[in-house]
Protein chains: 2
Amino acid sequence: MRSTSPTEAFPAHTPAASQIFTTVLSHGPLTRSEIAGRTRLSAAAVTKAVRPLIEAGYLVEDIAEDARQPVLGRPANPVRVDGGRALFLGIKVTGDELIAVLTDLCCRIRVARRVPLTSREPKAVLTSVAGLAQELLTEADGFGVQVRGLGIAVSGDVDRAAGVVRYSPFLEWRDVPLAELVATTTGLAVTLDNDVRALTVAEQWFGAGVGLSDFALVTVGAGIGCGLVVHGQVVAGAHGVAGEIGHVAIDPAGPRCHCGNRGCVEAIASDPAIVGRIREVTGASVADATEALALAHDGDPGAREVYARAGAAIGRGIATVANLLGPERVIISGEGLAAYDLFAEQIRDAFAAAAFGSAADCDVQTRPLPFEEWARGAAATAIQSFITASDAR
Amino acid sequence: MRSTSPTEAFPAHTPAASQIFTTVLSHGPLTRSEIAGRTRLSAAAVTKAVRPLIEAGYLVEDIAEDARQPVLGRPANPVRVDGGRALFLGIKVTGDELIAVLTDLCCRIRVARRVPLTSREPKAVLTSVAGLAQELLTEADGFGVQVRGLGIAVSGDVDRAAGVVRYSPFLEWRDVPLAELVATTTGLAVTLDNDVRALTVAEQWFGAGVGLSDFALVTVGAGIGCGLVVHGQVVAGAHGVAGEIGHVAIDPAGPRCHCGNRGCVEAIASDPAIVGRIREVTGASVADATEALALAHDGDPGAREVYARAGAAIGRGIATVANLLGPERVIISGEGLAAYDLFAEQIRDAFAAAAFGSAADCDVQTRPLPFEEWARGAAATAIQSFITASDAR
DNA sequence: GCCTTTATTTTCTGCTGTCAATGAAAGAAA
DNA sequence: TTTCTTTCATTGACAGCAGAAAATAAAGGC
């Protein structure tokens, strides 16, 4: 009794149904008339599209609504997504470990797992991924619900449509058709995407990007990444590269970056850059970001100065994005956010100084990023694929 | 017998018809089956959508096709847009003059005019614009075809949907509802847009951006501007600001910019910046861009160096766009292109150095920009409005 | 019990785009 | 010359989606 029995398709064949479902998915319980208003569909169209979704169990009516204030007229009947109706897997592949989550249809994490990666060879990674997927599928059996898809997130140049990792520096891969490999091994519908884009999808559907047609997500940590949503769609770039805020050069006199250039944001504000610079400045033997952070929190002026410069670099990078795209919001996230108190002020100041005109009106937010979040992003892409799969266009 | 008699609507009520028309407009003569292939519609749908467009005279069949090579099967019957079926006006408003063109439906310029602006007061500008429009309307009478729309392009923060100039530094305007004012004065359907975005629309529909879903247009001249097309749509920015490549800061030690920041691309590579810098470096009394150019072409090493630096700045700016958006193509244009031989190499070198990974695969082109081109962009927005006006969604 | 108000559903209708068959205009073959 | 083949184009039947209007439902107030 595996939970991966033959997949029945998601019953949203029309654009309207698809749009309605994602609206409810993102905006929580909504009454039919609210849905009609948001989607600009007629109430009749909503009713018709909602019915099969309820019959299939993907939507449920919230009947027991106690806390509603007495209003005039027939009380509205909110509808919400039944998260428990389907499960999804998300796996983030890094250079040295796999992070996996089992989520429900609302992308809430049910189970999380982490396993180290012993080899970066595609074959070995495939085996690990398949093993981890099997493990989570067994867990999923306990919920009595099918797992309907597996999302995989890999950093680097990833072709989602083709399911191929074109080039991943961390894994040292070129043109690995990972989606197909994992699909044949696990029997699941596999969606492969770039890790930052996957996180952006999660944010767009389930996070701080809900309802926005233009926003940016900036991740700070071992690298500096950026996912962009323009016109309501994640930007993928004509050549597979987009959102490389880490390699936006902000200072020709800055430190050399591993990309060969000088003064990239990543060469100033990534964890390794900060650690290296602190070592250089203070002479202390700082091993990693945690120690660097501790030193700065201890009040070491040299270390604090390094963080301040990093913050300024990030702020300038964000301002560049804002100047070019004019997003409604920028969400800053990532492991590097642990040092937020050390560079928050500089980010804001540098952003405010470098943002041009009303680009400065852009709302800059921060969001903590638990380690499973990357894997959750992968799961979000799987959910997205599942929902839009049956959509003709 | 004014050519602005009551406007009959464009007979493309369905998305398919609209899509088909714009495809033919951009890609020149196409047979019905080619249209079906490009638009991914069925041949039947094309036939049905094309008929009313032919009946209304917007499309015509190219019957006299002599140069066709003998092919098997029934000869294809190409269809093209009858440019002469409708006329449009485009007016670009700068700080000290108006540039106006009369174009046909294919955005080919029929008449061009330039008049100096004596005052920047909204009222005075309105009078000048209306007068110029009337003048061109009279010209249009000679063609015996109606003028179906007027496009106005203004630099600064322009809200196209509302038809309002939110803020224009050159004109020193704030919240001027220019579209409505001109519409009531001239009786024409008026489309108001930012100048660079207008130029981008022209490029997208009639220029080097045809068929591309992601490209950037960079204009070099008195300012450095950038129009972006992402996912097939011109980026407008959530707050009305987008494409401000001129205020991307590339060097914290660079010259101060009028925006208050340091090292903006515009502070290094705009005409005034170049002129100022050449004066500073060479001590020569250079009055304007033309003299600066002459000096550099005479071989003055100081002047040439200034142009080289400008080229490098532009190249870095373009690389930033490419890193963030991964466009398929970047089109460089603008009056500043007159100096292209002086900085072409630096643009390419700086771009190649600063573009990350396959972002460097982006095709960087240059296109001369005659002075009427800005006004033609305005006309293009009017054509766009005319065609999509009847489109329900 | 009736009215008002708001939410939802039903019924009907218009319209779009697809399918499959048919017509048209060539060159090729008999 | 006649017939075939090939490719384009057109036609008519049809399915399906979404909108409009009207009906129905579910409250609260009187």
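To find a chain, count down the sequence lines: A is the first, B the second, and so on, and within it residues start at 1.
- Under the side chain to side chain donor-acceptor pair (under 3.5 Å) criterion, B:Asp82 pairs with no residue, sequence neighbours left out.
- What separates CG of A:Asn77 from P of C:dT5 is a distance of 22 Å, to the nearest Å.
- Other residues, nucleotides and ligands contribute more than 12 heavy atoms inside 6.0 Å of the CD atom of B:Gln233.
- Under the rule for a side chain to side chain donor-acceptor pair (under 3.5 Å), the partners of A:Asp193 that lie at least two apart in sequence or sit in another chain are A:Arg160, A:Arg197.
- Residue B:Ala44 is classed as a base contact, given a heavy-atom separation below 4.0 Å to a base.
- In this entry the distance linking CD of B:Glu34 with C1' of D:dC8 reads 11 Å, nearest Å.
- Take A:Arg80 and apply the salt bridge (charged side-chain N to carboxylate O under 4.0 Å, His left out) test, not counting sequence neighbours, and it matches A:Asp62.
- Separating the CD atom of B:Glu61 from the P atom of D:dC8 is a distance of 15 Å, rounded to the nearest angstrom.
- Side chain of B:Glu203 to backbone of B:Ala208: a donor-acceptor contact under 3.5 angstrom is found.
- Contact annotation: B:Arg51 side-chain N/O to D:dT10 OP1/OP2 distance is not under 4.0 Å.
- The closest donor-acceptor contact from the side chain of A:Arg110 to the backbone of A:Ala140 lies at 3.5 Å or more, if one exists at all.
- B:Ser26 places no side-chain N or O within donor-acceptor distance of the main-chain N or O of B:Thr23, the cut-off being under 3.5 Å.
- Classification of the B:Phe386-B:Tyr58 ring pair by plane angle, with boundaries at 30° and 60°, yields tilted.
- Between A:Ile35 atom CD1 and C:dT9 atom P there is a gap of 11 Å when expressed in whole angstrom units.
- Regarding contacts with the backbone of C:dT9, a side-chain N or O of A:Arg32 is found under 4.0 angstrom from either OP1 or OP2.
- In this structure, A:Arg38 has no salt bridge (charged side-chain N to carboxylate O under 4.0 Å, His left out) partners at least two apart in sequence or on a different chain.
- Looking at heavy-atom distances under 4.0 Å, B:Ala45 makes contact with a base.
- The CZ-P distance, from B:Arg40 to C:dT16, rounds to 23 Å in whole Å.
- Computed from coordinates, the A:Leu41 CG to C:dT8 P distance equals 15 Å when rounded to whole Å.
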Please write out the pairs of protein N or O atoms and N or O atoms of nucleotides 13-16 of chain D separated by less than 3.5 Å, giving the distance to one decimal.
none

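- For the helix from C:dG1-D:dC30 to C:dA30-D:dT1, the angle separating the two terminal helix axes comes to 30°, with each axis derived from five pairs and the value rounded to 10°.
- Looking at heavy-atom distances under 4.0 Å, B:Ser33 makes contact with sugar-phosphate atoms alone, never a base.
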